[in-house]
Amino acid sequence: MKIKLEGSFDASVKFFFEDQLDSLEKNYYDYFEKTKVFSGKKDEIYCLVGPNEQEVFVGLGKADESTLQILRKQSYALGKSLKEHKISSAGIEVMDFKSKTNNRDFCALKAVDAIVEGLLQSAYRFDKYVEKTEDEEINIVLQVREGYEEKAKRSIEETSNLMEGVFLTRDLVNTPSNDMYPETLAKAATEKLSTVGVHVKIYGKKQIEEMGMEAFLSVARGSAKEPQFIVMEYLPVEGQQPMAIVGKGLTYDSGGYAIKPASGMVTMKCDMGGAASVIGTLYALGLNKVKKNVVGVVAACENMISGDAYKNGDIISSMKGSTIEILNTDAEGRVTLADSLYYAATKIDPEVIIDLATLTGAAIVAVGEQSTILISNDDEWANRVEKAGDDMGEYMVRLPMNEELREAVKGDVSTVKNSVSSGGGGSITAGIFLEHFVEKKPWVHMDIAGPAYSSSAYSYLPKYATGIPVKTLYKTIFDQSSSKIDMEEL
Ligand code: BES
Ligand code: MG
Ligand code: ZN
């Protein structure tokens, strides 16, 4: 898919609100009135493909109720329709949504972002392991209001780059663990990120030992694959305190001695979804040259079984020095994150730590497969992430911590325990465990066990890896950058 602002095209595409169909040309208005084939509803697309003219009508629902999310979804559906109807070039009229509605959600530039995103989403495919099919490339011409060309061009570029990051995350997650293991993940991070100004440092087993990361190493020990501690520095602004983004990097989670049944294990290549999101976000930030310092941290390993693997009942130490009783080897993500978060808090001195982790099955039970759980010790940062999620169309649900659950995470024979067997609240107790290692830095934890890897396609997202929450994370960081001000001044 190529999206430009100029050029010729075969098909004309127009968006309509269902309560503003009077802007239709009279002959179409009468035709739709009679046949009822198109009435502007938020899930309708009507393609008129004849020998002389090709017209596509896209519904957006009622003007006051329409949202950018509907525009993204419908632009995705439009992309799919163009392909299905073998339309290889289309001109899209980017109507002046704002003057047509009183809807706060819409402005011309946000509309361009949403349309570009939806279209690009429709062209994503993970085809690394299947025979390639050659699709004809679709050319899109966005027709924007005069005077808006420069801004629209920037919007197209920025959104396309952001989508590159989202798709990189998907590709990394979709690649199975026989090909995607700690070393290949580190290699992919280095290869991709070094092209966009991110400096990648990789620490092997010996250096991880020297740093005292006993918790991380305990999880990694059952695997034949060497663990990798990956630090990715994106520092475009001199002397600015960075944000730290920390991703859970289990390239495979068998559960270890608390072994998962095959049905729960088969998708566990997705357990590096947090790490892949860190890499995808940094890639997008670098491509867009966003002016904000960010350091990414990933402890990559596999959770496996062997004669030397860690066991249920072990008590291990950590970089912080706190001891952890391993009550369940399948609650391994928090154990690796203990050292990653402590590293971020003490070696990076960040203004905030945001971690992303496919951490608990309980998150799916609590909020469903589409939503991310947020847990935080800082209202301001939690609100920023929530707002960014809202802007980008990714669902964020914040859960509270309380004293009783905090008590439940404390160990009887250790500082903390990695699993709490009764009382429920599994996603919260996991969050509380993590909080112990952030050294009171402002911190937001995102549990993406549900949305990172989906059992079915929905909205404009594919089945399997979705790239959630790259858009939200990118937006959270972008909103803190001076690039935001530049963009507003344009
Ligand atoms: N990686 C899993 C969580 C997960 C489950 C991610 C489903 C994506 C989809 C995690 O390591 C895990 O196994 N968590 C356990 C924790 C429990 C033992 C306290 C879980 O959720 O069952
Ligand atoms: Mg597990
Ligand atoms: Zn896991």
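Note: hydrogens, waters and symmetry copies are ignored here, and every other heavy atom, side chains too, is used. Start at 1 and go down the list; that is how both ligands and their atoms are numbered.
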What's the atom name of the N, O or S in Glu332 nearest to the Zn ion (ligand 3)? OE2

Please state which protein non-hydrogen atom is closest to atom 17 (C) of ligand 1 and give its distance, to 0.1 Å? Ala331 CB, 4.3 Å

Side chains of Thr415 and Thr323: any donor to acceptor distance under 3.5 Å? yes

Measure the spacing between CG of Leu250 and CG of Asn303 and express it to the nearest 0.5 Å. 6.0 Å

Scan the protein's non-hydrogen atoms and note whether one is under 4.0 Å from atom 22 (O) of ligand 1. no

Is the centre of the Phe229 ring less than 6.0 Å from the centre of the Tyr343 ring? yes

Side chains of Tyr310 and Thr329, heavy atoms from C-beta outward: is any pair under 4.5 Å? yes

Just checking Tyr453 against Tyr464, ring centres under 6.0 Å apart? yes

Under 4.0 Å, heavy atoms only, figure out whether ligand 1 is touched by the backbone of Lys248, its side chain, both or neither. side chain

Shortest protein contact, atom 12 (C) of ligand 1 (heavy atom only): Asp330 O, 3.1 Å

Within a strict 4.5 Å, meaning less than it, do heavy atoms of the Lys475 and Lys471 side chains meet? no

Check whether any heavy atom of Arg334 sits under 4.0 Å from an atom of ligand 1. yes

Do any of the N/O/S atoms of Leu250, backbone or side chain, fall under 2.8 Å from the Zn ion (ligand 3)? no

Give the name of the N/O/S atom in Asp271 that lies closest to the Zn ion (ligand 3). OD2

Cation-pi, Phe126 ring and Arg170 (6.0 angstrom, 45 degrees): no

Those atoms of ligand 1 less than 4.0 Å from some heavy atom in Glu332: 11 (O)

Identify which of Asn303, Leu359, Val365, Val420 has a heavy atom lying nearest to atom 14 (N) of ligand 1. Leu359

Return yes if a side-chain donor-acceptor contact under 3.5 Å exists between Thr169 and Ser277, otherwise no. no

Please identify which atoms of ligand 1 are closer than 4.0 Å to at least one heavy atom of Asn328. 18 (C)

To 10°, measure the OE1(Glu332)-the Mg ion (ligand 2)-OD1(Asp330) angle for me. 120°

Which atom, counting only N, O or S, brings Asp253 closest to the Mg ion (ligand 2)? OD2

Would you check the N or O atoms of Lys260, main chain and side chain alike, for any that come under 3.5 Å of an N or O of ligand 1? yes

shortest atom 2 (C) of ligand 1-to-protein heavy-atom contact is with Asp253 OD2, 3.6 Å

Would you say Thr466's side chain and Ala452's backbone share a donor-acceptor pair under 3.5 angstrom? yes

With heavy-atom distances below 4.5 Å as the criterion, would you say the side chains of Leu78 and Ile45 are in contact? yes

Taking only heavy atoms of Met268, which atoms of ligand 1 are found under 4.0 Å from at least one of them? 1 (N), 4 (C), 5 (C), 6 (C), 7 (C), 8 (C), 9 (C)

Has Asp253 got an N, O or S atom lying less than 2.8 Å from the Zn ion (ligand 3)? yes

Going by the order shown, which atoms of ligand 1 are within less than 4.0 Å of some heavy atom of Gly361? 3 (C), 5 (C), 20 (C), 21 (O)

Look up atom CH2 in Trp381 and atom OG1 in Thr476, then write down how far apart they are to the nearest 0.5 Å. 8.0 Å

